[in-house]
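Working notes for the structure below.
Since we're looking at a predicted model, the values are computed, not measured.
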Amino acid sequence: MDWQTHTVFNQPIPLNNSNLFLSDLALCEAVHRHDAGWDSELLASIGQQLGTAESLELGRLANVHPPELIRYDPQGQRLDDVRFHPAWHLLMQGLCANRVHNLPWEETARNGAFVARAARFMLHAQVEAGTLCPITMTFAATPLLLKTLPPLFSDWRTALLSDRYDSHQTAGGQKRGLLIGMGMTEKQGGSDVLSNSTRAQRLADGSYQLIGHKWFYSVPQSDAHLVLAQASGGLTCFFVPRLLPDGSRNAIRLERLKDKLGNRANASSEVEFQQALGWPIGEEGDGIRQILKMGGLTRFDCALGSHSLMRRALSVALYHAFQRQAFGHNLVDLPLMRQVLGRMALQLEGQTAFMFRLASAWGQPHSPQEALWARLFTPAAKFAICKTGIPFVAEAMEVLGGIGYCEESELPRLYREMPVNSIWEGSGNIMCLDVLRVLAKQPDVLALLLDEYAEVKGQDRHFDRHWRQLQQRLHRLSEAQGREITGQLYLLGVGAQMLRYASPPVSQAWCRMMLDPRGGAMLNEQVISELLSRATGGGR
């Protein structure tokens, strides 16, 4: 007797052999548009390697085997080490080899290097997001440290600009590659860092002793952290190495690793400073200004990280819909599913165009106009994109149905990763307050927006109406309306890019979907076909 109860069929194969760069036409075009076309060949190579089953498995392994805190060695000596699965180290090697942590900071960096780095970041983020935390912090800290490293640590400069990942427990001056973390948040203050209570006492040699705690000490295995503490002259930024130049351990005690919703491959810790040694970055009392130099870069990466996870979620959903049959048709051919997938693809078209315009602005720090553009739109992008990422991944889960909710799918991990980008480096209200601060204190911001939107004025009535509404709000800024102003500013920023660069049917569809208060009309079949083709690299 045949005891077989059924045959498995109509189950799509997983998306585990694709080119993450070439399959995304919006990304390819944005890279060329913003002077980074010279990196396209390498990006295609990186995209091919990261899209393999082997790379995706590394991402899975790094998350199912989270880091472990090792507080003591077998003899009882205090260690305060963090042990990672080998998959973590392999992923970190790839990120550093591709210079995601420092590409624009090389002296010989080419025009468009910031854009190229953003594209490389976006590809890696689709494989594993936790490893991007140490990369982002190192990326943001490096330009500051290259100018302000204490003389005792001047030999760190070469390793900061290397393409090597070095996980050895060795003094930084002896390593081939370095990672930098940050320690700002304390129990009593959270985002209100002015309330930090960690104290710093100056010693005769110019170093300081730190006594206090940090509630979130990101990536505790980093070679050094930038830490805020109260010195006699006020809140100050300190360079706090994990190992001192003589190889001895600094007095930084890891109390525990955080048990987080997502971002589980990455170690986040609570620490106590028991007369830990630190060296000032800048003058006493200048800590906030020094930290703000890095805050914009880390916030940019938060927005880019959420966007990248959304792109992966859409790719998984599309690949499933092209294979799965229901009611006698492939899912992708059913009218209602085409509307869902088309609207998801349209949202990402706008985000890609906008994020790489923002990357281009960050890559031109000597242009006052571009620097102001980046200063204004970075917190707006972080607020808007990180918020929309959570329901976006949930929608992708619905495309797959029940299997999308199960851990065998990538989507639960992507969903758990989403909130951290919205919370880290300042949650939603903090971003909106930052936008309001720029609008109120930067006299050139209105002229900037007028120039930005003059080129596309008159192309779409929804866009023009929203711009008129925002102008009225800008004349009477209200903190209570901070979210509405920030969201509207962001949508206009995206809309301007779409009206400039997308095909007229697609740009008009975006404006209807995102700016029409009635919720936008259905997408027509021509627009859906174009969007799904572009989202899959030109075809199925």
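Sorted by first then second residue, the salt bridge (Lys or Arg N to Asp or Glu O under 4.0 Å) pairs that include residues 308-323, not counting sequence neighbours, are Asp24-Arg311, Arg312-Glu410. Sorted by first and then second residue, the pairs that involve residues 444-466 and meet ring pair (Phe, Tyr, Trp, His ring centres under 6.0 Å), not counting sequence neighbours, are Tyr453-Phe463, Tyr453-Trp467. Counting only residues at least two apart or in different chains, salt bridge (Lys or Arg N to Asp or Glu O under 4.0 Å) contacts with residues 501-515 are absent. Among residues at least two apart or in separate chains, salt bridge (Lys or Arg N to Asp or Glu O under 4.0 Å) pairs with a member in residues 371-395 are Arg375-Asp434. Screening residues 482-511 for ring pair (Phe, Tyr, Trp, His ring centres under 6.0 Å), with sequence neighbours left out, gives Phe354-Tyr490. For the ring pair (Phe, Tyr, Trp, His ring centres under 6.0 Å) condition, no pair includes a residue of residues 381-409, sequence neighbours left out.
For the 3.5 Å distance criterion, the side chains of Asn263 and Arg416 fail to qualify, holding no donor opposite an acceptor. Side-chain contact annotation: Gln188 with Ser195, donor-acceptor N/O pair under 3.5 Å absent. In this model, a donor atom of one side chain and an acceptor atom of the other lie less than 3.5 Å apart for Glu128 and Thr131. Neither side chain, His101 nor Thr142, offers a donor N or O lying under 3.5 Å from an acceptor on the other. For the residue pair Trp373/Ser367, the side-chain donor-acceptor check at 3.5 Å is not satisfied. One side chain, Lys260 or Ser268, offers a donor N or O that lies under 3.5 Å from an acceptor on the other.
Side-chain N or O atoms of Asn98 include none that pairs as donor or acceptor with a backbone N or O of Val100 at under 3.5 Å. In this structure a side-chain-to-backbone donor-acceptor pair under 3.5 Å is present from Thr536 to Ser533. A donor-acceptor contact shorter than 3.5 Å links the side chain of His225 to the backbone of Ser218.
For Asp35, there are no salt bridge (charged side-chain N to carboxylate O under 4.0 Å, His left out) partners at least two apart in sequence or on another chain. Residues satisfying the salt bridge (charged side-chain N to carboxylate O under 4.0 Å, His left out) test with Arg476, not counting sequence neighbours, are none. Residues satisfying the side chain to side chain contact (heavy atoms under 4.5 Å, CB included) test with Glu455, not counting sequence neighbours, are Arg500. Checked against salt bridge (charged side-chain N to carboxylate O under 4.0 Å, His left out), Arg343 has no partners two or more places apart in sequence or in another chain. Every side chain to side chain contact (heavy atoms under 4.5 Å, CB included) that Asp444 has, sequence neighbours left out, goes to Leu372. Glu349 is linked by a side chain to side chain donor-acceptor pair (under 3.5 Å) to Arg534, counting only residues two or more places apart in sequence or in another chain.
Counting heavy atoms from C-beta on, the side chains of Gln126 and Leu123 come closer than 4.5 Å. In this structure, the side chains of Leu103 and Phe139 stay at 4.5 Å or more apart for every pair of heavy atoms. Taking the side chain as every heavy atom from C-beta outward, Met418 and Cys386 never approach each other to under 4.5 Å. You'll find the side chain of Arg465 reaches within 4.5 Å of the side chain of Pro517, heavy atoms only.
In this structure, CE in Met137 is found 13.5 Å from CG in Leu297, a value given to the nearest 0.5 Å. Note that CZ of Phe114 and CZ of Phe300 are 5.0 Å apart. Values are rounded to the nearest 0.5 Å. To the nearest 0.5 Å, atoms NE2 (His307) and CG (Asp301) are separated by 13.0 Å. Interatomic distance, CG of Leu160 versus OG1 of Thr138, reported as 8.0 Å (0.5 Å rounding). Rounding to the nearest 0.5 angstrom, the gap separating the CG atom in Leu58 from the CG atom in Leu50 is 10.0 Å.
In the displayed structure, Tyr415 atom OH is contacted under 6.0 Å by at most 12 heavy atoms of other residues, nucleotides or ligands. Within a 6.0 Å radius of CD in Glu479, no more than 12 heavy atoms belonging to other residues, nucleotides or ligands are found. The number of heavy atoms from other shown groups lying within 6.0 Å of CG (Asn524) is above 12.
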- Item | side chain to side chain contact (heavy atoms under 4.5 Å, CB included) assessment of Thr388 paired with Gln351 | CA-CA 11 Å; Thr388 59; Gln351 285 182 191; 3.8 Å; yes
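Taking 4.0 Å as the cut-off between side-chain N and carboxylate O, Arg473 and Glu484 do not count as a salt-bridged pair. Between Glu525 and Arg338, at least one side-chain nitrogen of the basic residue sits less than 4.0 Å from a carboxylate oxygen of the acidic one, meeting the salt-bridge criterion. For Arg60 and Glu408, the salt-bridge test fails: no basic side-chain N is under 4.0 Å from an acidic carboxylate O.
Contact between Leu499 and Cys511 at its shortest, heavy atoms only, is CD2-SG, 4.1 Å.
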